[in-house]
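These values consider heavy atoms only, across backbone and side chains, with no hydrogens, waters or symmetry-generated copies. Given the structure is predicted, the values throughout are model-derived calculations rather than measurements. Counting convention: from 1, in listed order, for ligands and their atoms alike.
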Amino acid sequence: MNKNVDVCVIGAGPGGALLSSLLAKSGVSVALLEKQTMLGRAFRGEILNSDGIAVLKKHEVMSRLADGACLPLEHIEYWLNGKLVKMLLPDKSEGNVGIHVPQADLLDALIKEAEQYSNFTLHTGVTVSDLVQDAHGYYNGIFATDGKGDEVLLHSRVIVGADGRYSTVRRHANIPAMNRNHGYDLLWARIPAPSGWKPIIRSAIVDNQQLHLFTQARGYIQIGWNIEQDSYPKLRKQSFEPFITTLIQAFPDLEHQVRQYIKSWNDFVLLDIFSSQVDTWTKDGLVLIGDAAHTMTPTGAFGLNEALRDADWLANHLTEGLQRESLNVDCLKQLEQVRRHTVEELQQEQLMMEQNYKQNFYVG
Ligand SMILES: Cc1cc2nc3c(=O)[nH]c(=O)nc-3n(C[C@H](O)[C@H](O)[C@H](O)COP(=O)(O)OP(=O)(O)OC[C@H]3O[C@@H](n4cnc5c(N)ncnc54)[C@H](O)[C@@H]3O)c2cc1C
C-alpha cells in the first residue's frame, strides 16, 4: 500500500474510531490503521459517563448500537465484610450511574458508520513503526508493516496518534511523557452474571485494596481488583485458593460463579496502572488524542469518555481547518488549549478518589 489521504489516524480504539467516522462523514479522506486484526477484543474501559453519552448521542451513535449492547447501571453498592453497607443512587436527571456498552459493539457501530463513505479506509493488522517528515520537519506520513510483513507507506496532511497509553506515534515524534504511578496495578476477570443479577456497580475493600464488580451488557460481570503495584509476579507464586477466597468472602452471593469461572491466576488479566501527561499534544502537523495524550487510571471510568470528547472536538475543528487550502496548525494546537485543563483536573480528581476511597463506606 502506498497512498495519500487527508488524515491518517493510528489506533482504532474509541478515540480513533469516533474521530475517523466523524471525519469520513464530513467528506475528509481518512485512513484508520490498527495493529489488531479484530477490533474490541482487549480489556478496556467500557462504561460511559454523562460526558461520553452526550458525545455519542450528539452523533446518533447510541441509537445505532446493536440490540442488547446498552446497559444503564442502576446504582452503586458499597460492601464491607460480605454485607451491603451503603448505596449510591443516580442523579435524577441522569437516571443511571453510567451505561455499559461492550467495546466491540461501540467500535462496530463507529466503523460501520465510517464504512458508508468511500473516503474512509480501515486497515487492520497494520502496525505503524515510524513517521515520515518532509524537508521542513513537518510530519506527513507513516511507515507500517501489514500482517504479511509487507511495508506500508502512507502520506497524509495530518497524522493523529490515537494509539493508546504506549503510543508509538508519540515516541517517534519525540514527545516526552511523564508517567505517574498510583501505587497499584489491577487484575481484571469476567464471569457470567448469576440469574436475577441487577445492573449495578459494587465496590468493596479487601486487604486494604479496592475491589469492584461492574455489571456488563449481555449478562456478564467484570471484576476489577487492585493489587499492590508490581506485586503480581510474587502473588502468582503463591497459592491461588486463599486469594480467591477473599473475593468470595467479600461477595458471598457470587461464590458459585466465581468457583466455576475463576479457577487459576490465568483467568485474570493484569493491567499496570499509571497516568501520564505529555509535554505537548501537537507537533509539526501531528496531534495526539485519548490515552496517547493523557493516560488515565481506571478510577471513575474517565479514560474512554475523555478519548471520545477529544475525538469530537478534533473532528469538528479539523474538518474546518482542512477545508482551507493550507492547514493552519494552530487548529491542532487549540485541541490542547481547550482540553488539557479539563483532563488534568480529572486526573487530579482520580487521585483524590483513590486517596478517599474508604470514605465511600462510612455510613453517616
Ligand atoms: C485493561 C484496561 C482496562 C481499562 N479499564 C478502564 C475502565 O474501566 N474505565 C475507563 O474509563 N478506562 C479504562 N481503561 C482506559 C480506557 O480503556 C482508555 O482510556 C481508552 O480506551 C482510551 O481510548 P483511546 O482510543 O485513546 O486508546 P485505546 O483504546 O488504547 O486504543 C488504542 C488503539 O491503538 C492501537 N495501536 C497501538 N499501537 C499501534 C500501532 N503502532 N499501530 C497501529 N495501531 C496501534 C491499539 O491496538 C488500540 O486498538 C482501561 C484500559 C485498559 C488497557
Side-chain angles (χ1 to χ4, degrees), residues 8-20 31-49 51-52 73 98-104 106-107 110-111 122-131 142-147 152 154 159-173 185-190 201 210 212-214 216 222-226 268-276 278 281 287-312 314 339 343 346-347 350 353:
C8 173
V9 180
I10 297 121
L18 176 64
L19 175 67
S20 301
L32 175 59
L33 275 49
E34 167 57 48
K35 69 177 176 184
Q36 305 291 345
T37 46
M38 296 266 291
L39 302 188
R41 298 192 74 188
F43 264 110
R44 291 227 191 88
E46 298 190 334
I47 296 179
L48 295 164
N49 64 21
D51 292 325
L73 300 171
I99 295 183
H100 178 260
V101 174
Q103 188 196 173
L106 176 60
L107 297 179
L110 296 171
I111 298 297
L122 170 67
H123 307 271
T124 53
V126 171
T127 304
V128 172
S129 53
D130 209 346
L131 303 173
I142 59 92
F143 281 117
T145 312
D146 69 13
V152 174
L154 194 144
I159 292 169
V160 180
D163 53 344
R165 57 215 305 260
Y166 300 109
S167 174
T168 303
V169 173
R170 185 180 71 206
R171 183 159 44 88
H172 284 286
D185 293 324
L186 190 57
L187 293 180
W188 287 113
R190 202 166 82 133
I201 296 174
Q210 300 187 27
H212 302 281
L213 305 178
F214 303 100
Q216 298 194 315
Q222 186 175 12
I223 298 167
W225 195 344
N226 290 15
F268 283 102
V269 173
L270 176 72
L271 171 66
D272 55 326
I273 298 293
F274 61 90
S275 57
S276 67
V278 298
W281 294 19
V287 58
L288 303 174
I289 64 169
D291 272 19
H294 47 73
T295 305
M296 316 197 56
T297 73
T299 303
F302 295 124
L304 157 69
N305 297 279
E306 294 311 303
L308 294 174
R309 290 172 88 188
D310 286 351
D312 177 40
L314 185 61
R339 298 276 304 126
V343 168
L346 287 173
Q347 288 177 321
Q350 291 190 311
M353 287 168 81

Participant: Distance to 0.1 Å, residue and atom name: give those for the protein heavy atom nearest to atom 31 (O) of ligand 1.
Facilitator: Gly13 CA, 3.4 Å
Participant: For the side chain of Gln210 and the backbone of Asn226, is there at least one donor-acceptor N/O pair under 3.5 Å apart?
Facilitator: no
Participant: Can you check whether Trp188 has an N/O within less than 3.5 Å of an N/O in ligand 1?
Facilitator: no
Participant: Below 3.5 angstrom, do we get any N/O pair linking Thr168 and ligand 1?
Facilitator: yes
Participant: Please work out which of Ala12, Gly45, Gly303, Ala311 has its closest non-hydrogen atom nearest to atom 7 (C) of ligand 1.
Facilitator: Gly45
Participant: Starting from atom 37 (C) of ligand 1, which protein heavy atom do you reach first, and at what distance in Å?
Facilitator: Asp163 O, 3.3 Å
Participant: Would you mind checking which non-hydrogen protein atom is closest to atom 52 (C) of ligand 1, with the distance to 0.1 Å?
Facilitator: Phe43 O, 3.5 Å
Participant: Is the Phe268 ring parallel, tilted or perpendicular to the Trp225 ring (thresholds 30°, 60°)?
Facilitator: perpendicular
Participant: With heavy atoms of Pro14 as the reference, note each atom of ligand 1 found under 4.0 Å away.
Facilitator: 21 (O), 23 (O), 25 (O), 29 (O)
Participant: Number the atoms of ligand 1 from 1 as they appear, then name those within less than 4.0 Å of a heavy atom of Thr127, with their elements.
Facilitator: 41 (N), 42 (N)
Participant: Starting from atom 27 (O) of ligand 1, locate the nearest protein heavy atom and write down its residue, its atom name and how far away it is, to 0.1 Å.
Facilitator: Gly164 CA, 3.8 Å
Participant: Mind checking whether Glu34 has an N or O less than 3.5 Å away from an N or O of ligand 1?
Facilitator: yes
Participant: Would you check, one step at a time, whether the test side-chain contact (heavy atoms from CB on, under 4.5 Å) holds for Leu270 with Leu187?
Facilitator: CA-CA 5 Å; Leu270 176 72; Leu187 293 180; 3.8 Å; yes
Participant: Here's a test for you: under side chain to side chain contact (heavy atoms under 4.5 Å, CB included), which of Leu107, Leu106, Leu304 qualifies with Val101?
Facilitator: Leu106
Participant: Does Met353 reach the side chain of Phe302, with side-chain heavy atoms less than 4.5 Å apart?
Facilitator: yes
Participant: Say whether, by atom type as modelled, one donor and one acceptor occur between the side chain of His212 and the main chain of Ile201 under 3.5 angstrom.
Facilitator: no
Participant: Report yes or no: does Ile47 have a heavy atom closer than 4.0 Å to ligand 1?
Facilitator: no
Participant: When you compare the side chain of Thr168 with that of Ile10, does any pair of heavy atoms fall below 4.5 Å?
Facilitator: no
Participant: For the backbone of Ser276 and the side chain of Gln347, can you confirm whether one donor and one acceptor N or O come within less than 3.5 Å of each other?
Facilitator: yes
Participant: Of the protein's non-hydrogen atoms, which lies at the shortest distance from atom 48 (C) of ligand 1, and what is that distance?
Facilitator: Arg44 NH2, 3.0 Å
Participant: With heavy atoms of Phe302 as the reference, note each atom of ligand 1 found under 4.0 Å away.
Facilitator: 11 (O)
Participant: Which of the numbered atoms in ligand 1 are below 4.0 angstrom from a heavy atom of Gly15?
Facilitator: 25 (O)
Participant: Classify the contact between Ala162 and ligand 1 as side chain, backbone, both or neither, using a heavy-atom distance cut-off of under 4.0 Å.
Facilitator: backbone
Participant: Please state which part of Val126 comes within less than 4.0 Å of ligand 1, counting heavy atoms only: side chain, backbone, both or neither.
Facilitator: backbone
Participant: Compare Asn305, Val128, Leu19, Asp291 and give the one whose heavy atom is closest to atom 22 (C) of ligand 1.
Facilitator: Asp291
Participant: Give a yes or no on whether the backbone of Gly11 and the side-chain of Gln36 come within a donor-acceptor separation of less than 3.5 Å.
Facilitator: no
Participant: Closer than 4.0 Å to some heavy atom of Gly290 - which atoms of ligand 1 meet that?
Facilitator: 26 (O)
Participant: When you measure from the side chain of Asn305 to the backbone of Leu308, do you find a donor-acceptor pair of N or O atoms at a distance under 3.5 Å?
Facilitator: no
Participant: Got the closest protein heavy atom to atom 45 (C) of ligand 1, with its distance?
Facilitator: Lys35 CG, 3.8 Å
Participant: Among all protein heavy atoms in this structure, tell me which lies nearest to atom 34 (O) of ligand 1, with the distance rounded to 0.1 Å.
Facilitator: Gly11 CA, 3.1 Å
Participant: How about Trp281 and Val343: do any of their side-chain heavy atoms sit closer than 4.5 Å?
Facilitator: yes
Participant: With heavy atoms of Gln36 as the reference, note each atom of ligand 1 found under 4.0 Å away.
Facilitator: 47 (O)
Participant: Does some side-chain heavy atom of Glu46 sit less than 4.5 Å from a side-chain heavy atom of Phe214?
Facilitator: no
Participant: Would you mind telling me if ligand 1 is within reach of the side chain of Phe214, the backbone, both or neither, using heavy atoms under 4.0 Å?
Facilitator: neither
Participant: Between Ala307 and ligand 1, find which residue part has any heavy-atom pair under 4.0 Å and reply side chain, backbone, both or neither.
Facilitator: side chain
Participant: Between Asp163 and Arg171 (salt bridge meaning N to carboxylate O under 4.0 Å), is one present in this structure?
Facilitator: no
Participant: Going through the checks in order, is the salt bridge (Lys or Arg N to Asp or Glu O under 4.0 Å) test met by Asp272 and Arg165?
Facilitator: CA-CA 11 Å; Asp272 55 326; Arg165 57 215 305 260; 3.5 Å; yes
Participant: Which is it for Leu271 and ligand 1 at heavy atoms under 4.0 Å: side chain, backbone, both or neither?
Facilitator: side chain
Participant: Using distance alone, decide if ligand 1 has a nitrogen or oxygen within less than 3.5 Å of any nitrogen or oxygen in Ile10.
Facilitator: no
Participant: Do Leu346 and Glu306 make a side-chain contact, defined as non-hydrogen atoms from C-beta onward lying under 4.5 Å apart?
Facilitator: yes
